[in-house]
Amino acid sequence: MLSYVGRRLLISVPVLFGILGISFIFVQMLPGDPVRALMSPEELATASPEYIEQRRSELGLDKPIFVQFAAWIGEVLQGNLGHSFRRNTPVADMIFERIGPTAILAITALSIALIIGVLLGTFAALKQNSWFDYLSSVTSMMAVSIPNFFLGLMAIYIFSISLGIFPTGGMRTLAASNPSALDRVHHLILPALVLAINLIGPYVRYTRQSMLEVIRQDYITTARAKGVPWMKVVFGHGLRNALIPLTTVIAIQVPILLTGLLVIETIFSWPGLGRLTFESIMGRDYPVIVAIVFISAVFVVLFNLLADVTAAALDPRIRL
Amino acid sequence: MNLGALGLAPAAVSILIIAACSGPNDNDTSDGGAESGSEQTLQLGNPDEPPDLLPYDSHGGKEPVFAAILTPLIWVDSAGEWHSELLESWEVSDDGLTVTLEMNSGLEWTDGTAVTSADVALTLEHNLDPQVSVRAGSLAGVVGAEEFLSGETEEIAGLTTPDEHTVVIELESPSVWLQDMARERIFVVPEHVLGDVPHDDLNDHEYFSSFPVSNGPYKFVEWESGQHIELERSDQWSLGEAGFSRLFIKYLPGDVANAQLETGELHYYDRVDPSDADRIAEFEHVEIQSTTGVSQSPVWGLMYNEPLLDERVRQAMAHAIDRKGICEAAFNGFCTVPETNIPHIAPEWALPDSGITVYDYDPERAKELLKQADWNSENELIFLSWSEPGGPRDRALEIAQANMADVGINWTIENVDLPTMNERNEESPESFHGWEGAGGNFAVDPNFVRELTACDKHFPMGANRGHYCNEELDDLWSAGSSETDQEERARIYKDAFRILNEDVPNIWMIIPDNIVAHDARLDGVNPETRVREIGDWSWEE
Amino acid sequence: MSENVQTAVPVAGRSDEEGIGRRREREVQKGGNGRAGQALSPSRLAIRRFRHHRLAMASVLLLSLLLLLAVLAPLISPYDPNAVNTAAYREPPSGAHWLGTDSAGRDVLSRLLHGARVSLTVGIAAAVSATGLGTLLGLIAGIFRGWVDAIIMRVVDVFLSFPPLVVILLLVAILGPSVTTIIVVIAAFEWPTACRIVRQVSLSVREMDYVLSARAMGSGSLAIVRRHMIGPVLPPLTVVATLLSANAILLEAALSFLGLGVERPNATWGGMLQAAQSMTILQEMPWLWLPPGVAIAATVLSINFMGDGLRDAFDPRQRL
């Protein structure tokens with residue numbers, strides 16, 4: 001087990017190195033200069049070449065590409081992610097600041113999607129080929145088919161403006177000097193729901209599938225014949241069977257959600273990592289872009305490993 | 001031709017109140033920020049979060065913050081009038097070589113220290129350093145600045161403070177230095193905090209992340225990145241009393257701002273999409289005000305390359321675009337149309353009133369001009385746009401594109417971000433033919449138009465992105481900037497603008513109105529100055 | 001954006017291989033691998049099963065209709081999709097303009113029909129190029145094995161570990177937003193799925209008795225590929241391709257939202273929906289958002305159902 005984990009981590013080292021290299025090449029290929037990217041057209045018109053040269057050398061951009069790359073690797077090896085071009089802060093601080101809100105939103109949405117998805121999937125399986133079965137698969141597929149920027153605006157229109165139930169955005173009520181936990185939850189619900197709608201599809205599908213497999217098994221028929229309650233059979237055996245594909249889905253979704261919430265974060269004024277990524281690309285903030293790509297990749301590696309280990313723990317047939 | 005009717009007189013600013021709903025306010029949206037207990041909080045919206053809070057450039061997102069916590073040296077309104085809370089007077093000597101700034105007394109920093117000439121001198125010193133400020137280029141020309149920057153001297157010889165209230169600036173040659181300085185809207189920084197800080201360390205200095213000492217109506221509290229900047233009332237403000245105990249500047253996209261105005265979560269927004277203005281005006285608790293704007297946006301910029309070198313082609317474009325229709329459809333009528341293709345880029349005294357062409361919408365004339373110029377309708381032209389998708393500028397560009405296609409000029413609009421546009425402008429100017437531009441406030445002095453049109457101001461050395469060049473015009477620019485006789489100056493600039501009118505280096509499409517939406521209870525909002533007088537705002541009695 | 005994009009790729013199951021980010025395609029593999037060993041692929045059975053999938057059949061009909069409309073757009077559009085009319089902007093539907101006019105006075109119906117051309121082109125071209133590239137590399141890896149295989153597989157790992165949204169935004173910023181860019185981006189980052197499937201199948205095929213005997217009888221590699229690989233590889237590849245094309249259409253919409261839409265004056269569904277992103281339009285002018293919104297949702301939904309039907313048809317155990 002331990003040696004397996006160690007081997008997996010070892011294999012991922014060259015992969016991470018490759019990712020670092022490719023993202024470095026990409027940021028260098030971005031058109032436009034990071035110094036000028038920070039300036040408005042009017043400022044550019046009056047900015048002196050000395051100012052631009054000075055800023056370039058402050059950012060280390062006047063050095064050869066290989067030197068810059070080596071410097072970055074050096075920083076990463078020291079557990080340091082470098083210094084932002086745009087803000088006068090370490091990249092690590094910037095990412096740390098944004099990862100919390102993203103995590104809250106993503107975890108809430110995942111939980112909602114998981115609960116609703118599992119319930120829908122279970123009942124769809126129990127009532128296989130009924131109208132409910134069809135309805136649940138149609139709606140869960142519909143949910144991933146609507147562009148989410150539109151879904152978000154629609155949700156604001158319906159729930160914030162017409163019904164006045166939820167605030168339109170932000171993480172808390174600014175007027176209140178000491179926002180309560182309830183207030184934060186209140187702000188979280190709408191963006192989390194919109195995101196959950198996007199995530200729900202696979203949960204419905206895999207729960208349904210696993211349930212159907214279990215329901216057909218001989219040992220279930222036997223268990224039922226022996227008088228084990230129906231609900232216990234469904235939730236005890238069926239859900240257990242569904243757990244492995246579900247953890248796999250979660251393991252894939254989490255690292256993607258880390259940077260993938262840009263659209264929802266933008267619409268709901270949520271200060272997450274997705275928006276930081278977008279702003280960094282538009283602002284040519286090279287160190288932040290590379291750091292975000294790198295951290296996401298590390299998450300992919302870790303969550304994949306986590307999923308495999310969990311799967312092995314859940315299913316004795318799987319050996320690592 | 002009555003130029004005033006075309007909106008050529010920026011001084012004649014009309015304030016139009018669309019919805020003045022002054023009845024008792026029964027705003028009961030429970031989620032709004034306006035419920036009881038929060039009456040003392042004001043929430044402003046802004047779509048652009050600044051990358052930092054250094055006062056050495058003019059990022060659009062910094063303006064509300066600095067307007068609230070600091071004091072500008074001078075600011076110029078849309079009519080070209082100068083204002084200053086800090087200065088009592090500003091004078092240029094007859095030979096044009098000495099600028100004298102006399103300060104008001106009584107303004108204090110929050111720690112009780114008086115704001116003095118030393119603060120102003122330090123601020124100017126920072127802004128003269130190209131390693132600190134982007135403004136150094138336009139403020140160049142102060143005696144001794146180069147020696148100071150190269151380390152030869154400890155001080156700038158031409159920047160002196162004879163007493164606590166006086167700053168004297170000596171210039172190397174007569175120029176419009178004072179006008180340049182006024183246009184930049186420079187916020188003054190405290191000498192007793194930053195005086196000993198080497199210029200190299202300014203960017204990272206603690207002062208600019210917490211502003212422990214300030215002198216505006218509000219004090220800095222906190223910046224929650226990605227969300228808002230929080231400010232609170234400063235009790236030490238020497239010019240009056242701020243109307244709110246707390247102030248939030250929220251960073252959010254336009255459609256969300258629109259929704260928050262409706263729910264009462266936002267009290268002020270000045271980037272209203274004109275096509276939303278009518279709907280916002282219907283909200284009972286929101287008021288919309290608008291005033292004639294001064295800066296052109298969008299500008300259909302042209303590259304001075306083949307196949308656009310023939311001025312008849314450029315004139316044809318100006319005739320082909322239905323600018324009045326665009327004003328109506330894309331800006332919902334909240335705009336003026338610069339039909340002579342030059343106004344609003346200079347003060348009135350410098351504009352010619354005769355011998356100029358009016359480029360009204362005339363597709364037939366456009367086709368005729370194209371025919372004369374042997375235009376090939378197979379030409380494929382590329383236009384680089386960076387405006388917000390779906391916004392009024394974007395709509396205006398799409399209509400103009402279709403208008404030009406109707407007369408046989410085929411453009412493709414590519415969406416690029418600004419860094420990309422800058423790089424292509426610098427490295428492959430022949431790879432495109434048009435670019436989206438936006439004007440600033442040029443009402444201060446006609447010489448600023450030089451930045452956009454002179455042969456030696458080709459991008460990136462200046463804002464002449466199209467690389468337009470006309471030597472006759474250049475001679476007029478240099479003559480105008482060193483001329484001290486006002487009448488003679490006016491004559492020179494009128495000639496210059498006649499050339500611009502004839503040559504059509506770029507097409508000034510629309511001058512959008514300033515539209516401001518705010519809570520109806522908010523008193524003191526002026527769409528012309530927008531956030532600049534934020535200290536005077538309060539809830540209506 | 002990416003929550004839409006990514007969850008449309010179904011995931012589940014578990015294999016005993018190790019690796020990074022390897023699961024995105026497992027579900028799809030199941031469709032093929034299970035059948036790889038059967039000498040005669042009963043494609044007729046599959047077609048019959050597909051025909052019984054009512055939703056899938058309805059989707060195919062709808063997509064065929066859309067394709068027809070897109071092809072005929074220049075002939076059947078009542079107006080030039082780019083002709084503006086500043087005297088009749090944002091007009092509600094009428095006899096002259098069945099779906100009203102947009103903010104520049106253009107005919108919404110004509111733009112919708114022309115928009116179908118762009119959306120379907122993006123969808124089909126992206127899917128074909130990504131699966132094509134993946135198939136090629138998968139074959140190379142499977143045939144040459146050894147270090148070639150090892151290198152390709154590490155590259156696959158690298159590509160699967162990139163945060164999808166970040167690389168898409170980076171590449172769009174580098175290449176400039178256009179129809180071609182969207183296709184290239186998807187091809188460049190979605191090929192690993194197809195690559196894995198093809199490699200897997202080709203590796204297993206090599207070991208099979210009939211291939212060994214075919215080789216002994218002097219058949220060349222190409223002949224073997226043609227005869228024994230197409231059968232098992234085609235089913236999972238078509239499933240992958242359908243999902244990719246759904247993603248591509250949603251991606252175009254999301255990029256429009258972010259201001260990275262395709263060149264104008266091209267009418268696109270995403271661009272039309274983005275232009276309707278305002279409370280005023282949402283509340284008062286449904287003819288501006290309903291047509292592009294329904295068009296995107298219906299197309300993506302149909303493609304997803306078609307993929308679903310294909311999966312069920314190829315592997316009946318999936319839908320018990």
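Hydrogens, waters and symmetry mates play no part in the numbers below; they use all other heavy atoms, side chains included. Every chain is numbered from 1, with letters handed out A, B, ... down the list of sequences.
Most heavy-atom pairs under 4.5 Å with chain C, from the set A:Ile292, A:Ile156, A:Leu258, A:Ile267: that is A:Ile267. Note: A:Tyr157 leads A:Phe299, A:Phe278, A:Tyr157 in heavy-atom pairs under 4.5 Å with chain C. Between chain A and the options C:Val300, C:Val294, C:Ile174, heavy-atom pairs under 4.5 Å are most frequent for C:Ile174.
Heavy atoms closer than 4.5 Å to chain C are found in the side chain of A:Ile281, but not in its backbone. Proximity to chain C (any heavy atom under 4.5 Å) is shown, for A:Val298, by neither the backbone nor the side chain. For A:Ile200, no part lies under 4.5 angstrom from a heavy atom of chain C. Interface residue A:Ile289: only side-chain heavy atoms are found under 4.5 Å from chain C. For C:Ser302, no part lies under 4.5 angstrom from a heavy atom of chain A. Of the atoms belonging to A:Met154, heavy atoms from both backbone and side chain fall under 4.5 Å from chain C. With a 4.5 Å cut-off on non-hydrogen atoms, C:Leu55 touches chain A through its side chain but not through its backbone. Only the side chain of C:Leu171 comes within less than 4.5 Å of a heavy atom of chain A; its backbone N, CA, C and O stay farther away.
The heavy-atom pair separating A:Leu30 from C:Ala173 by the smallest distance is CD2-CB, 3.5 Å. Summarising the geometry of C:Trp287 relative to C:Leu99, their closest heavy-atom pair is CD1-O, 3.4 Å, with the distance given to 0.1 Å.
In this structure, CG in C:Leu258 is found 9.0 Å from CZ in A:Phe149, a value given to the nearest 0.5 Å. Atom OG in A:Ser130 sits 5.5 Å away from atom CG in A:Asp133 (nearest 0.5 Å).
Ion pairing between a basic and an acidic side chain is recognised when a charged N comes within 4.0 Å of a carboxylate O; C:Arg111 and C:Asp102 show such pairing. Between C:Asp149 and C:Arg154 there is no salt bridge, since none of the side-chain N atoms of the basic residue sits less than 4.0 Å from a carboxylate O of the acidic one.
Without hydrogens or angle criteria, A:Ser280 side chain to A:Leu276 main chain gives a donor-acceptor distance under 3.5 Å.
Residues A:Ile256 and C:Pro164 meet the side-chain proximity criterion, which asks for heavy atoms closer than 4.5 Å.
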